[in-house]
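Side chains included, hydrogens not; waters and symmetry mates left out as well; all remaining heavy atoms used. Predicted, not measured: the structure shown is a model, and the values here were computed from it. FYI, the numbering just counts along the sequence from 1.
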Amino acid sequence: QVQLVESGGGLVQPGGSLRLSCAASGFTLDYYAIGWFRQAPGKEREGVSCISSSDGSTYYADSVKGRFTISRDNAKNTVYLQMNSLKPEDTAVYYCATGVVWPITIATMQWYDYWGQGTQVTVSS
């Protein structure tokens with residue numbers, strides 16, 4: 001059984017930082033893409049970032065480039081999202097998701113098969 005569990009969300013002030021973690025079980029990340037989505041009230045789900053667990057290539061939505069960094073530890077089956085310089089518009093529920101897709105891009109994140117339950121990130125003063 002594939003399971004993804006997010007953690008690390010919370011309340012942070014604008015300009016602050018937060019680190020999200022996603023612990024995967026029931027499979028190995030070696031052959032999967034894995035990434036983060038977010039969904040804010042009144043907006044559609046947005047692919048934020050993804051990473052290839054095979055070669056470590058990373059991809060980012062334009063809205064977070066230069067501020068967010070995705071990384072993974074295949075040995076621990078864990079992926080991280082370091083979020084810096086947070087803005088109020090980053091407020092959303094953040095979801096970890098994974099799947100076997102090719103090519104690995106932001107656009108192909110829509111085909112991921114497995115999803116976590118999400119963690120709330122709120123950026124507010």
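- When the side chains of ILVMFWY residues are joined at heavy-atom separations under 4.5 Å, either directly or via intervening members, Ile70 and Tyr94 end up in a single hydrophobic cluster.
- The minimum heavy-atom distance between Ser21 and Trp36, with the atom names listed, is O-CH2, 3.6 Å.
- When the side chains of ILVMFWY residues are joined at heavy-atom separations under 4.5 Å, either directly or via intervening members, Tyr95 and Tyr80 end up in two distinct hydrophobic clusters.
- The distance from atom CE of Met83 to atom OG of Ser49, rounded to the nearest 0.5 Å, is 11.5 Å.
- Each of Leu81, Thr58, Ile104 was evaluated against Ile51; a single residue qualifies, Thr58, per the side-chain contact (heavy atoms from CB on, under 4.5 Å) test.
- Neither Val93 nor Phe68 shares a network with the other; the hydrophobic side chains, linked directly or stepwise wherever heavy atoms of I, L, V, M, F, W or Y lie under 4.5 Å apart, form separate groups for each.
- In this structure, Ile34 is not a member of the same hydrophobic cluster as Trp102, with clusters built from ILVMFWY side-chain heavy atoms closer than 4.5 Å.
- The shortest heavy-atom contact between Ser125 and Pro14 is N-CD, 3.6 Å.
- Ring-plane geometry between Phe37 and Trp115 is classed as tilted, the angle between the planes lying from 30 to 60 degrees on a 0 to 90 degree scale.
- Remark: Ile106 CD1 to Tyr59 OH distance equals 9.5 Å, nearest 0.5 Å.
- The shortest heavy-atom contact between Gln82 and Asn84 is NE2-OD1, 3.0 Å.
- For the ring pair (Phe, Tyr, Trp, His ring centres under 6.0 Å) test, no residue two or more places apart in sequence or in another chain qualifies with Trp111.
- Separating the CZ atom in Arg72 from the OG atom in Ser52 is a distance of 7.0 Å, to the nearest 0.5 Å.
- Shown here for Leu4 and Cys96, the closest heavy-atom pair between the two residues is CD1-O, 3.6 Å.
- In this structure, the side chain of Thr108 engages the main chain of Pro103 through a donor-acceptor pair within 3.5 Å.
- Within 6.0 Å of the CD atom in Gln117, the count of heavy atoms belonging to other residues, nucleotides or ligands does not exceed 12.
- In this structure, Ser124 OG and Asp90 CG are separated by 12.5 Å, a value rounded to the nearest 0.5 Å.
- Cluster membership check: Val48 shares its hydrophobic cluster with Leu20, using side-chain heavy-atom separations under 4.5 Å among Ile, Leu, Val, Met, Phe, Trp and Tyr.
- Open room surrounds OH on Tyr114; 12 or fewer heavy atoms of other groups in view lie less than 6.0 Å from it.
- Judged by distance alone, with hydrogens and angles left aside, the side-chain atoms of Ser85 form no donor-acceptor pair with the main-chain N or O of Gly15 at under 3.5 Å.
- Pairs of residues two or more places apart, or lying in two chains, never qualify as disulfide (SG to SG under 2.5 Å) while including a residue from residues 33-71.
- Of the inter-residue distances, the one linking Leu11 atom CG with Gln120 atom CD reads 9.5 Å to the nearest 0.5 angstrom.
- In terms of heavy atoms, Ala61 sits closest to Gly47 at CB-O, 3.3 Å.
- Formation of a donor-acceptor pair under 3.5 Å by the Glu6 side chain with backbone atoms of Thr119 is not found in this model.
- Summarising the hydrophobic clusters (Ile, Leu, Val, Met, Phe, Trp, Tyr; side-chain heavy atoms under 4.5 Å, direct or chained), the residues clustered with Val5 are none.
- Qualifying salt bridge (Lys or Arg N to Asp or Glu O under 4.0 Å) partners for Glu46, counting only residues two or more places apart in sequence or in other chains: Arg38.
- Proximity of a side-chain donor or acceptor of Thr122 to a complementary backbone N or O of Thr91 within less than 3.5 Å is not detected.
- Residues forming a side-chain hydrogen bond (donor to acceptor under 3.5 Å, both in side chains) with Lys65 (at least two apart in sequence, or on another chain): Asp62.
- Note that CE of Met109 and CZ of Arg45 are 8.5 Å apart. Values are rounded to the nearest 0.5 Å.
- Here Gln39 pairs with nothing under the side-chain hydrogen bond (donor to acceptor under 3.5 Å, both in side chains) rule; sequence neighbours left out.
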